[in-house]
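What follows is a set of notes on a single structure, which appears directly below.
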Amino acid sequence: MQAILLVGGQGTRLRPLTIATPKPMLPVAGFPCTSHQIALAQRAGVDRIILGTSYRAEVFEEYFNNQSEVSVDIHYAVETEPLGTGGAIRNAAQYLTCGPDEPVLIFNGDVLTGLDIEALVSKWREANADVALYLTRVEDPRAYGLVPTDDQGRVLAFKEKPTTPEEIVTDQINAGCYVFKRSVIDRIPEGQVVSVERETFPQLLESNATVIGVVDEGYWLDLGTPLAFAKGSADLVRGIAPSPLLENRTGEAVIHETAKVHESATVVGGTYVGANVVIAENAVVESSVIYDGVFIAADARVTRSIVSSDASVGAHSSITDTVIAENASLGAHNELNSGARVFPGAEIPDSAVRFSSDR
Ligand code: GDD
Ligand code: MG
């Protein structure tokens with residue numbers, strides 16, 4: 001089977017982490033989300049993968065030419081101007097080599113899941129469907145695509161990001177993974193901006209195409225925000241989120257072999273600690289993502305936060321639900337929480353901030 005991964009979005013809600021690195025390439029539990037997805041797809045028998053890239057396209061090629069965790073045939077369909085999700089799928093199809101009736105697996109690049117891909121493909125085959133959508137249930141569906149189905153699993157409507165209460169007719173949402181019949185992709189208009197959610201799906205339903213929804217109750221998370229990102233990483237480390245790349249590696253933390261963690265420091269809650277990190281005396285790091293080369297000084301506290309490459313957190317400082325971008329340095333005795341973001345290279349002096357935001 002062949003697959004298309006949509007990885008061209010700007011990742012705006014994850015700024016400033018996505019200024020240099022596209023969202024799907026930010027490491028979650030030590031590997032980019034894209035690698036976790038490729039490994040999952042590979043395990044389900046996918047042997048050719050097309051990455052639909054646009055924003056910072058070069059980062060993908062550079063990484064996958066040099067990594068060792070996945071071994072699959074990867075091709076790059078680069079959009080000079082972003083074509084939207086549907087346009088990206090159409091553009092990537094030029095690298096597919098399968099026949100018109102064959103299934104093509106498609107993934108949003110920021111979805112962390114243990115989906116049973118083979119089961120989804122089987123359902124697609126049994127229903128002789130044009131498209132099968134992977135659905136999940138969430139408490140608040142407003143930020144997603146709503147997908148009501150009938151008792152046979154036939155999709156009745158597709159409503160992307162509903163704006164009025166009347167539009168919220170179900171808790172089933174598009175989980176960002178589809179199986180398309182190849183010929184359906186070839187009918188998406190070429191070389192123009194198309195949204196698969198707002199145009200292609202509603203049009204398919206209008207033309208009475210066979211579109212089915214398959215609800216999977218397994219792990220699912222959209223890595224759209226810093227908080228979700230830290231949670232996804234911690235869930236992977238603790239084995240709550242499955243990934244073929246982390247099998248048999250469950251525990252309270254994953255600590256790179258080159259990192260130096262002082263024996264009095266505490267590193268727990270699914271924290272990932274990257275290469276050459278130093279964590280000093282009595283520091284407490286919980287449910288966080290610590291990228292390569294970070295320094296966490298004595299008595300610092302880091303909770304549900306992301307500290308990007310070569311950044312530092314000063315002694316006695318405390319950060320919660322915070323993003324510190326690469327090369328930034330936070331001095332001693334500072335306190336940041338609730339969505340604070342420190343930009344790349346910023347230098348915050350000692351005792352300068354006691355910041356709380358509600359973003
Ligand atoms: N190549 C390319 N070109 N990729 C794109 C483009 C584009 O123009 N626009 C978005 N993408 C990629 C993003 O990189 C991301 O991986 C994926 O398409 C979805 O875009 P998001 O920006 O993350 O969308 P969303 O999270 O608001 O909503 C989507 O995902 C939800 C599930 O996580 C929709 O598909 C919803 O219906 C769905 O519920
Ligand atoms: Mg998303």
Side-chain angles (χ1 to χ4, degrees), residues 14-21 23 25-33 35-36 112 223 225-241 243 245-246 249-332 334-337 339-348:
L14 273 166
R15 277 171 70 92
L17 294 174
T18 48
I19 295 173
T21 309
K23 172 168 62 172
M25 287 306 290
L26 292 171
V28 250
F31 300 101
C33 186
S35 283
H36 292 292
L112 192 60
L223 300 173
T225 63
L227 270 185
F229 196 81
K231 179 180 187 319
S233 184
D235 285 350
L236 279 167
V237 167
R238 302 169 99 183
I240 296 168
S243 166
L245 299 179
L246 288 163
R249 267 176 65 189
T250 57
E252 276 299 281
V254 168
I255 298 174
H256 194 274
E257 58 190 22
T258 57
K260 291 194 177 68
V261 177
H262 193 270
E263 58 181 21
S264 62
T266 309
V267 180
V268 289
T271 293
Y272 176 82
V273 177
N276 303 311
V277 168
V278 175
I279 300 181
E281 296 95 287
N282 297 316
V284 179
V285 185
E286 203 180 329
S287 308
S288 294
V289 189
I290 312 298
Y291 287 13
D292 297 350
V294 165
F295 176 62
I296 301 201
D299 299 295
R301 281 197 84 101
V302 177
T303 309
R304 293 190 306 269
S305 293
I306 302 166
V307 186
S308 191
S309 310
D310 303 311
S312 60
V313 177
H316 297 277
S317 279
S318 165
I319 64 171
T320 303
D321 299 332
T322 289
V323 173
I324 311 261
E326 59 267 23
N327 297 305
S329 80
L330 179 67
N334 287 299
E335 191 182 322
L336 293 173
N337 51 54
R341 297 176 193 212
V342 178
F343 270 63
E347 290 180 20
I348 299 183

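The basis for the numbers below is simple: all heavy atoms, side chains too, and nothing from hydrogens, waters or symmetry mates.
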- Item | Which atom of Ala265 lies closest to which atom of Ala280, heavy atoms considered | CB-O, 3.5 Å

- Where do Val273 and Val285 land on the side-chain contact (heavy atoms from CB on, under 4.5 Å) test, with the steps shown first? CA-CA 10 Å; Val273 177; Val285 185; 5.7 Å; no

- Just by modelled atom types, is the Ala230 backbone N or O under 3.5 Å from a matching donor or acceptor in the Ser233 side chain? no

- Note on the structure: The reported gap from CD1 in Ile290 to CD1 in Ile255 (rounded to nearest 0.5 angstrom) is 10.5 Å

- Interatomic spacing from CG in Leu223 to CG in Leu26 - rounded to 0.5 Å: 9.0 Å

- Message: Listing request: all salt bridge (charged side-chain N to carboxylate O under 4.0 Å, His left out) pairs with a residue in residues 313-324, at least two apart in sequence or in separate chains.
- Response: Arg304-Asp321

- Item | Residues Ile306, Tyr291; criterion side-chain contact (heavy atoms from CB on, under 4.5 Å); working and verdict | CA-CA 8 Å; Ile306 302 166; Tyr291 287 13; 4.1 Å; yes

- Query: About how many Å separate CG of Asn276 and OG of Ser309, when rounded to the nearest 0.5 Å?
  - Reply: 11.0 Å

- Task: Identify the two heavy atoms, one from Phe31 and one from His36, that lie closest to each other, and give their separation to 0.1 Å.
- Result: O-NE2, 3.3 Å

- Item | Closest non-hydrogen atom pair, Val28 against Cys33 | CG2-N, 3.7 Å

- Is there a donor-acceptor pair closer than 3.5 Å between any side-chain N or O of Ser287 and the backbone N or O of Gly269? yes

- dist Arg301:CZ -> Asn337:CG (nearest 0.5 Å) comes out at 13.0 Å

- residues 275-293 vs salt bridge (charged side-chain N to carboxylate O under 4.0 Å, His left out), sequence neighbours excluded, gives none

- Item | salt bridge (charged side-chain N to carboxylate O under 4.0 Å, His left out): pairs with one or both residues in residues 266-279, sequence neighbours excluded | none

Which donor-acceptor pairs under 3.5 Å do the side chains of residues 312-320 make with protein atoms, sequence neighbours left out?
residue	atom	partner	partner atom	Å
Ser317	OG	Gly331	O	2.7
Ser317	OG	His333	N	3.2
Ser317	OG	Asn334	N	2.8
Ser317	OG	Asn334	O	3.4

- salt bridge (charged side-chain N to carboxylate O under 4.0 Å, His left out): which pairs involve residues 261-278, sequence neighbours left out? none

- For Ser308 against Ala325, the heavy-atom pair lying closest together: CB-C, 3.6 Å

- Query: Nearest heavy-atom pair of Tyr272 and Gly30: which atoms, and what distance?
  - Reply: CZ-CA, 3.4 Å

- Message: Checking the side chain of Ser305 only, and the main-chain atoms of Thr322 only, is there a donor and an acceptor separated by less than 3.5 Å?
- Response: yes

- Message: So, taking the atom named CG in Leu246 and the one named CZ in Arg238, what distance separates them when rounded to the nearest 0.5 Å?
- Response: 14.0 Å

- Quick one: do Phe229 and Leu112 satisfy side-chain contact (heavy atoms from CB on, under 4.5 Å)? Show the steps, please. CA-CA 10 Å; Phe229 196 81; Leu112 192 60; over 6 Å; no

- Item | Matching residue for Pro344 among Leu17, Asp310, Ile324, Ile19 - test: side chain to side chain contact (heavy atoms under 4.5 Å, CB included) | Ile19

- Query: Within the distance-only criterion (no hydrogens, no angle test), does the side chain of Arg341 pair as donor or acceptor with the backbone N or O of Arg15 below 3.5 angstrom?
  - Reply: yes

- Message: Could you go through Glu326 and Thr21, starting from their C-alpha distance and side-chain angles, then the distance that decides it, and tell me whether this counts as side-chain contact (heavy atoms from CB on, under 4.5 Å)?
- Response: CA-CA 11 Å; Glu326 59 267 23; Thr21 309; 5.8 Å; no

- Closest approach of Ala29 to Val237 (non-hydrogen atoms, all atoms of both residues): CB-CG2, 3.8 Å

- Qualifying residues under side chain to side chain donor-acceptor pair (under 3.5 Å), relative to Ser35, sequence neighbours excluded: Glu69

